[in-house]
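Reading through the structure tokens given below for one structure.
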Amino acid sequence: GGVFAISAMQIVHYIHTLEKQSSKPIRLFINSEGGNISDGFAIYDAMTQSKCKITTIGMGVIESMATIIFLAGKERYCYPTCRFMYHQGIQEYMEGEAKNTSNSKREVAESDKLDNICNAIVEEKTKFTAQEIDKLIQPGNFYFGAEEAVKNGFVHSIIQKIEKEK
């Protein structure tokens with residue numbers, strides 16, 4: 001589902017609850033079109049600060065902010081049919097005079113800051129450089145499949161079958 005305040009707080013709560021109950025690894029399955037960036041950062045922070053090792057497993061689609069959440073996994077896997085999408089922030093969709101109002105200028109500046117944080121995460125967790133990320137997202141959305149995700153370091157490997165824990 002989407003990344004919004006209610007779903008984000010539920011996931012953060014689950015991570016903290018599981019962390020208090022055990023130090024066992026946590027598997028987080030993701031199939032999401034993304035959503036609100038601030039809510040996504042709440043999940044990302046909870047995942048990266050958890051004492052438990054969190055593994056992310058991609059299935060279906062992982063788009064927009066869900067890509068950043070996916071990258072928070074210490075280990076990252078996906079199914080062969082999983083599709084990813086990453087893109088530049090909201091300011092690319094603002095047009096003409098909307099970009100020139102003082103309120104919109106502040107929004108664009110804030111959006112640029114958030115884009116920089118997201119791009120830094122992508123750079124840190126994958127094989128992409130900052131320049132490559134900028135080049136990929138400038139024309140719009142950047143789509144890629146499971147094999148390309150492995151090749152570029154988004155995913156550690158593609159799952160053919162999940163092993164049951166003993």
Is there a donor-acceptor pair closer than 3.5 Å between any side-chain N or O of Ser7 and the backbone N or O of Phe4?
-> yes
Begin from the C-alpha positions of Val122 and Ile68 and carry the test side chain to side chain contact (heavy atoms under 4.5 Å, CB included) through to its verdict.
-> CA-CA 7 Å; Val122 172; Ile68 300 301; 3.8 Å; yes
Close side-chain approach of Val3 to Asn36, heavy-atom, < 4.5 Å = no
Rounded distance [0.5 Å steps], CD1 in Ile37 versus CD in Glu110 = 9.0 Å
Pro80 and Ala146: which non-hydrogen atoms are nearest, and at how many Å?
-> O-CB, 3.5 Å
Does a side-chain heavy-atom distance below 4.5 Å link Ile30 with Ile57?
-> no
Step-by-step side chain to side chain contact (heavy atoms under 4.5 Å, CB included) determination, Thr126 to Asn152 = CA-CA 6 Å; Thr126 71; Asn152 293 310; 5.6 Å; no
For the residue pair Lys74 and Ser50, what are the closest heavy atoms and their distance?
-> NZ-O, 4.3 Å
Hey, are the side chains of Leu18 and Gln21 touching, using non-hydrogen atoms and a 4.5 Å cut-off?
-> yes
Are Ile117 and Phe142 linked, directly or through other ILVMFWY residues, by side chains that come within less than 4.5 angstrom of each other?
-> yes
Sidechain-backbone polar pair: Arg76 side chain, Gly153 backbone, donor-acceptor under 3.5 Å | yes
Under the 3.5 angstrom rule, does the side chain of Glu63 hit a backbone N or O of Met85 as a donor-acceptor pair?
-> no
Find the distance between CD1 (Ile11) and CD1 (Ile26) and round it off to the nearest 0.5 Å.
-> 11.5 Å
What distance do Arg83 atom CZ and Glu148 atom CD have between them, rounded to the nearest 0.5 Å?
-> 8.0 Å
With a 4.5 Å heavy-atom cut-off, do Ile69 and Thr56 have their side chains touching?
-> no
Kindly indicate whether the side chain of Asn31, heavy atoms from C-beta on, has any atom under 4.5 Å from the side chain of Tyr79.
-> no
CD of Glu75: more than 12 outside heavy atoms within 6.0 angstrom?
-> yes
Do Ile43 and Val61 belong to the same hydrophobic cluster, where Ile, Leu, Val, Met, Phe, Trp and Tyr are linked whenever their side-chain heavy atoms lie under 4.5 Å apart, directly or via other members?
-> no
Taking every non-hydrogen atom, the tightest pair across Val12 and Ala46 = CG2-CB, 3.9 Å
For a ring-ring contact (aromatic ring centres under 6.0 Å, His included) with Phe70, tell me which candidate from Phe154, Tyr77, Phe84, Tyr86 qualifies.
-> Phe84
State, to 0.1 Å, how close Met65 and Cys118 come at their nearest heavy-atom pair, and which atoms those are.
-> SD-SG, 4.4 Å
First locate atom CD of Glu123, then atom CG of Leu71, and finally report the distance between them rounded to the nearest 0.5 Å.
-> 12.5 Å
Could you tell me which non-hydrogen atom of Cys78 sits nearest to which non-hydrogen atom of Val155, and how far apart they are?
-> N-CG1, 3.8 Å
Go through the steps for Ser64 and His87 under the test side chain to side chain contact (heavy atoms under 4.5 Å, CB included), then give the verdict.
-> CA-CA 6 Å; Ser64 192; His87 63 94; 2.7 Å; yes
Worked verdict on Ile121 versus Phe41 for side chain to side chain contact (heavy atoms under 4.5 Å, CB included) = CA-CA 11 Å; Ile121 291 168; Phe41 280 144; 4.1 Å; yes
Might you point out which heavy atoms bring Ser32 and Gly2 nearest each other, and give the distance in Å?
-> OG-CA, 4.0 Å
